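Just the heavy atoms: all of them, side chains too, but no hydrogens, waters or symmetry mates, feed the values below. Whatever order the structure lists ligands and atoms in, that order sets their numbers, starting from 1. Keep in mind the model is a prediction, meaning the values are calculated, not measured.
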Amino acid sequence: MTRAAPSLRLPLPDPDATASLGRWLADRLGAGDVLLLQGPIGAGKTHLARALIQHRLAADGRMEDVPSPTFTLVQVYDTAAGEIWHADLYRLTHPQEVVELGLDEAFSTALCLIEWPDRLGSLTPPQALTLTLAADGEGRSATLTGPADRLARLGAPPQP
Ligand SMILES: Nc1ncnc2c1ncn2[C@@H]1O[C@H](COP(=O)(O)OP(=O)(O)OP(=O)(O)O)[C@@H](O)[C@H]1O
Ligand SMILES: [Mg+2]
């Protein structure tokens, strides 16, 4: 018998709910955490990452744009609580590029938010949390999966 992976499921009826989940995660994740953001084009991956990063920047008294890393592949934010790496790997053609970008090292030293994480292949960190966004009516739903002890330490996410 196989056991289902531990997971938390959340309805996200509107973009504010996605942003609020991002801010909730911002208060609970830190250096060495890897959040894999899964979901199709337009699912809200960047929207969630932007809210998370801006919440962490606001803690340092900073208000900054957080552009999508669509073309740069990686944007790095230096915060008082450590670096945040925001990556969009859609355009990656080979997992070796992950090493060239320095992402494999950042997995253990920074908080990493990764869009299109399927491109990581065998370089996917085993301890990573995965947030999957899916269309749900006019809104989205989110499912968070990962190691049971890590999920337990996160506690209950906000209900919209
Ligand atoms: N819960 C939600 N309900 C409805 N719309 C949402 C929700 N969350 C985010 N959105 C909207 O989805 C749109 C697309 O979001 P976003 O650019 O973050 O997608 P993405 O997953 O990063 O896409 P890509 O794969 O192209 O990078 C945005 O306009 C955002 O406001
Ligand atoms: Mg995006």
Side-chain angles (χ1 to χ4, degrees), residues 5-31 33-59 62-79 82-104 106-107 110-125 128-146 151 154-160:
S7 68
L8 295 168
R9 193 171 179 282
L10 260 190
L12 301 174
D14 52 39
D16 278 353
T18 305
S20 143
L21 177 60
R23 291 189 290 270
W24 181 81
L25 287 165
D27 288 332
R28 284 159 184 81
L29 301 180
D33 280 319
V34 179
L35 183 66
L36 308 178
L37 295 166
Q38 281 189 338
I41 288 174
K45 302 178 293 295
T46 300
H47 190 71
L48 184 131
R50 179 175 291 126
L52 189 162
I53 293 164
Q54 286 182 330
H55 189 67
R56 293 289 289 264
L57 292 173
R62 291 160 63 185
M63 269 182 67
E64 288 171 32
D65 282 344
V66 171
S68 171
T70 313
F71 298 106
T72 53
L73 299 189
V74 175
Q75 299 280 147
V76 180
Y77 301 86
D78 205 0
T79 80
E83 284 185 351
I84 305 175
W85 285 50
H86 180 197
D88 180 339
L89 305 182
Y90 188 78
R91 284 175 172 74
L92 218 68
T93 49
H94 196 278
Q96 185 55 32
E97 289 175 69
V98 171
V99 179
E100 285 159 20
L101 288 166
L103 250 184
D104 59 327
F107 288 154
L111 165 56
C112 294
L113 313 172
I114 315 290
E115 300 185 41
W116 297 99
D118 54 307
R119 308 294 196 266
L120 292 171
S122 63
L123 295 172
T124 306
L129 291 164
T130 300
L131 185 77
T132 304
L133 296 168
D136 188 353
E138 300 273 293
R140 311 282 189 267
S141 70
T143 310
L144 187 62
T145 55
L151 283 180
L154 287 178
Q159 294 293 328

| message | I'd like to know if the side chain of Glu115 pairs up with that of Thr46 as donor and acceptor (distance under 3.5 Å, no hydrogens or angles considered). | response |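 The answer is yes; a qualifying pair exists.
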| So, Glu97 versus Thr93: side-chain donor-acceptor pair below 3.5 Å or not? |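 Judged by distance alone, the side chains do pair up.
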| task | State the count of protein N/O/S atoms located less than 2.8 Å away from the Mg ion (ligand 2). | result |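 Excluding waters, the total comes to 2.
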Just list the side-chain donor-acceptor pairs under 3.5 Å for residues 67-74, sequence neighbours left out, or say none.
unit_1: Ser68; atom_1: OG; unit_2: Thr70; atom_2: N; d: 3.4
unit_1: Ser68; atom_1: OG; unit_2: Thr70; atom_2: OG1; d: 2.6
unit_1: Thr72; atom_1: OG1; unit_2: Gln75; atom_2: OE1; d: 2.8

| field | Option from Leu37, Leu8, Leu10 for which side-chain contact (heavy atoms from CB on, under 4.5 Å) with Leu131 holds | value |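 Result for side-chain contact (heavy atoms from CB on, under 4.5 Å) with Leu131: Leu37.
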For residues 19-28, which side-chain N or O atoms pair as donor and acceptor with protein atoms under 3.5 Å away, sequence neighbours left out?
unit_1: Asp27; atom_1: OD1; unit_2: His55; atom_2: NE2; d: 3.1
unit_1: Asp27; atom_1: OD2; unit_2: His55; atom_2: NE2; d: 3.4
unit_1: Arg28; atom_1: NE; unit_2: Leu154; atom_2: O; d: 3.4
unit_1: Arg28; atom_1: NH1; unit_2: Trp24; atom_2: O; d: 2.8

| field | Every residue of the protein that comes under 4.0 Å of ligand 1, judged on heavy atoms | value |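 For ligand 1, the contacting residues are Leu12, Pro13, Asp14, Pro15, Thr18, Pro40, Ile41, Gly42, Ala43, Gly44, Lys45, Thr46, His47, Asp88, Glu115, Trp116, Glu138, Gly139, Arg140.
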| message | With a 4.5 Å cut-off on side-chain heavy atoms, are Leu35 and Leu144 touching? | response |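 Leu144 reaches Leu35 side chain to side chain.
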| query | Are any non-hydrogen side-chain atoms of Leu36 and Leu113 less than 4.5 angstrom apart? | reply |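 A side-chain contact is absent here, since even the closest heavy-atom pair is not under 4.5 Å.
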| Gln54 side-chain N/O to Glu64 backbone N/O, donor-acceptor pair under 3.5 Å |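 Judged by distance alone, yes, a pair lies under 3.5 Å.
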| Quick one: is the NZ or CZ of Arg56 closer than 6.0 Å to the six-membered ring centre of Tyr77, and within 45° of its axis? |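 Negative - Arg56 is either too far from the ring of Tyr77 or too far off its axis.
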